[in-house]
J.: 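Take a look at this one; I'll ask things after.
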Amino acid sequence: MLILGQAGAVSGGDVHAIRLAEGWRRRGASVALIGSPDLVRFVAPDVSSIVVPLSTPFDASMRVNAFALAAGVAWRGVIALPELRRRDIVVAGSHLIFDVVPASLAALLFRKPVATYVYHVIGDMHRPRSLRSTLATSLETVSFALLRWTRATVFYDNDEARAGLLRRGFRSERLHPTENAYDPVVTVPAHAPAAPRRLLFIGRLVEQKGVWDIVALARALRERGSDVEIDVVGDGPLREQLEQVIAAEQLDRLHVLGFVSEQEKWRLLSTSSLFLAPSREEGWGIAVGEALLAGVPVVALDLPAYSHFRTTLERAHADGSDFVERVIAIALDESELAERAEVARRDRDLLPRWATIVDDDLGVLDPPRLEMAASPSV
């Protein structure tokens with residue numbers, strides 16, 4: 001059974017869990033998914049799904065309070081309880097508290113082995129101090145304590161995450177490397193950039209995703225008299241404020257599209273000349289990988305999560321200080337764009353694919369190998 005990531009949003013970790021569920025199902029296993037209504041559109045028909053119509057406080061509002069968070073976690077646990085009893089293995093799609101608490105219940109009440117995925121350690125991300133970041137770090141500490149207590153099998157996809165886990169007392173034999181892939185269930189259209197040029201951002205509208213760098217870029221392009229358009233796909237707590245700034249400053253070439261369908265997302269990617277990735281922290285970088293798979297060149301901050309992309313990306317400083325200048329230097333130079341698009345097309349066949357990754361993960365999740373982890377340590 002898989003317990004997926006934060007209800008109300010579909011993250012890269014959720015996609016990984018869904019692909020794992022499908023691979024498990026093809027092997028004849030009975031698989032149940034627990035998550036938000038948004039997940040249904042990503043799930044193959046032969047994978048049963050149990051939908052919890054609940055958004056977490058983090059995604060619903062910036063006004064997070066401990067009571068609402070505790071109530072949400074408790075509700076997910078109650079909904080999951082009947083399934084926890086019936087399943088042989090419980091996989092938390094992320095190490096966040098929403099997923100780890102029900103998984104820990106399975107270990108405590110039913111002696112079920114637990115596994116999870118850690119794409120980045122929040123406590124190592126150096127977020128600015130705020131109520132949100134303090135709460136996230138504190139809850140992560142609780143999650144890690146529960147995972148160590150249950151002797152969970154933990155998958156990681158970068159060396160920085162592994163080092164952070166070891167520093168927090170996880171045993172190396174419980175840590176297993178994995179990867180993430182970008183091949184979608186829909187057909188990827190051929191790359192055919194639109195005219196005038198369009199730049200694309202996909203992500204949650206929060207500070208750490210670099211949304212204000214997109215605004216700064218729109219201002220800089222207007223100052224240069226450019227006709228380049230910028231599309232923003234995604235939603236989040238900053239959407240209303242972002243739209244107010246766009247209206248007040250009349251940034252008419254910056255468009256906030258909200259959530260779009262999978263087909264529309266790939267259409268937007270196929271018609272974009274350049275993909276924008278100003279995020280300050282990433283555990284996976286699914287949007288970057290999908291852009292490269294679509295043959296779209298990418299300007300991204302130099303983050304550890306992007307190390308497997310090697311030389312394909314144009315990398316700005318990790319603090320974002322030169323992001324706008326790097327984008328403008330490429331977006332307004334036709335020959336530079338063409339050269340980078342060719343590199344993206346050349347390297348996309350080197351990107352990992354789900355079939356291999358899922359087979360490797362399932363080899364680790366073979367029940368006999370997890371039997372020793374079924375009893376929580378005391």
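Here the structure is a predicted model, which means the values were calculated and not measured. Values reported hereafter were calculated over all heavy atoms of this structure, with side chains retained and with hydrogens, waters and symmetry mates removed.
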J.: With a 3.5 Å distance limit and no angle check, can you tell me whether E140 reaches the backbone of G123 through a side-chain donor-acceptor pair?
T.: yes
J.: Any donor and acceptor pair, going by atom type alone, linking the side chain of R253 with main-chain N or O of L251 inside 3.5 Å?
T.: no
J.: Would you call S138 and T134 a side-chain contact if the rule is heavy atoms closer than 4.5 Å?
T.: yes
J.: Less than 4.5 Å apart, side chain to side chain, heavy atoms only: is that true for H120 and E282?
T.: no
J.: Under the side chain to side chain contact (heavy atoms under 4.5 Å, CB included) test, which residues partner S321, sequence neighbours left out?
T.: H317, D319
J.: Under a 4.5 Å cut-off applied to non-hydrogen side-chain atoms, are R204 and P237 in contact?
T.: yes
J.: Verify the cluster assignment for V343 and L269: are they in a single hydrophobic cluster under the rule of side-chain heavy atoms below 4.5 Å apart?
T.: no
J.: Among residues at least two apart in sequence or on other chains, which ones pass ring pair (Phe, Tyr, Trp, His ring centres under 6.0 Å) with F170?
T.: F144
J.: For E240, I'd like to know if atom CD has over 12 heavy atoms of other residues, nucleotides or ligands within 6.0 Å.
T.: no
J.: Mind running salt bridge (Lys or Arg N to Asp or Glu O under 4.0 Å) on R197 and E229 for me, showing each step along the way?
T.: CA-CA 6 Å; R197 295 169 191 164; E229 307 276 344; over 6 Å; no
J.: For N180 and H16, does a side-chain donor sit closer than 3.5 Å to a side-chain acceptor?
T.: yes
J.: By side-chain hydrogen bond (donor to acceptor under 3.5 Å, both in side chains), which residues pair with T178, not counting sequence neighbours?
T.: D361
J.: Strictly distance-based, threshold 3.5 Å: is any side-chain N or O of R198 a donor or acceptor partner for the main-chain N or O of S273?
T.: no
J.: Given the rule in the side-chain hydrogen bond (donor to acceptor under 3.5 Å, both in side chains) test, do R168 and T141 qualify, once you have shown the distances and angles that lead to the verdict?
T.: CA-CA 9 Å; R168 287 162 175 81; T141 300; over 6 Å; no
J.: Listed by chain and number, what are the side-chain hydrogen bond (donor to acceptor under 3.5 Å, both in side chains) partners of D235, not counting sequence neighbours?
T.: R239
J.: Applying side chain to side chain contact (heavy atoms under 4.5 Å, CB included), can you list everything that pairs with P177, at least two apart in sequence or on another chain?
T.: Y156
J.: So, the side chain of N158 versus the backbone of Y119: is there a donor-acceptor pair under 3.5 Å, distance only?
T.: yes
J.: State whether the number of non-hydrogen atoms from other residues, nucleotides or ligands found under 6.0 Å of R129 atom CZ is greater than 12.
T.: no
J.: Which pairs count as side-chain hydrogen bond (donor to acceptor under 3.5 Å, both in side chains) when at least one residue sits in residues 290-301, sequence neighbours excluded?
T.: K265-E290
J.: Would you sort out whether R353 and D359 count as a salt bridge (Lys or Arg N to Asp or Glu O under 4.0 Å), showing the intermediate values?
T.: CA-CA 11 Å; R353 293 297 189 263; D359 284 347; over 6 Å; no
J.: I'd like to know if the side chain of K112 and the backbone of R85 have a donor-acceptor N/O pair within less than 3.5 Å.
T.: yes
J.: For V142, give me all partners under side chain to side chain contact (heavy atoms under 4.5 Å, CB included), at least two apart in sequence or on another chain.
T.: I97, L146
J.: Tell me every residue that passes side-chain hydrogen bond (donor to acceptor under 3.5 Å, both in side chains) with E223, counting only those two or more places apart in sequence or in another chain.
T.: none
J.: Can you list the residues that meet the salt bridge (Lys or Arg N to Asp or Glu O under 4.0 Å) rule with D333, with sequence neighbours excluded?
T.: none
J.: Using side chain to side chain contact (heavy atoms under 4.5 Å, CB included) as the criterion, list what pairs up with R345, not counting sequence neighbours.
T.: H191, A341, E342, R348
J.: Is the side chain of T356 donor-acceptor paired with the backbone N or O of P352 at a distance under 3.5 Å, no angle test?
T.: no
J.: What residues form a side-chain hydrogen bond (donor to acceptor under 3.5 Å, both in side chains) with R222, not counting sequence neighbours?
T.: none
J.: With sequence neighbours left out, write down each residue that passes ring pair (Phe, Tyr, Trp, His ring centres under 6.0 Å) with F155, or none if nothing qualifies.
T.: Y117
J.: So with a 6.0 Å cut-off around CD of E173, is the heavy-atom count from everything else above 12?
T.: yes
J.: Would you say that L84 contacts L105 through its side chain, given a criterion of any heavy-atom pair below 4.5 Å between the two side chains?
T.: yes
J.: Between L221, V327, L217, L274, which is the residue that forms a side-chain contact (heavy atoms from CB on, under 4.5 Å) with V228?
T.: L221
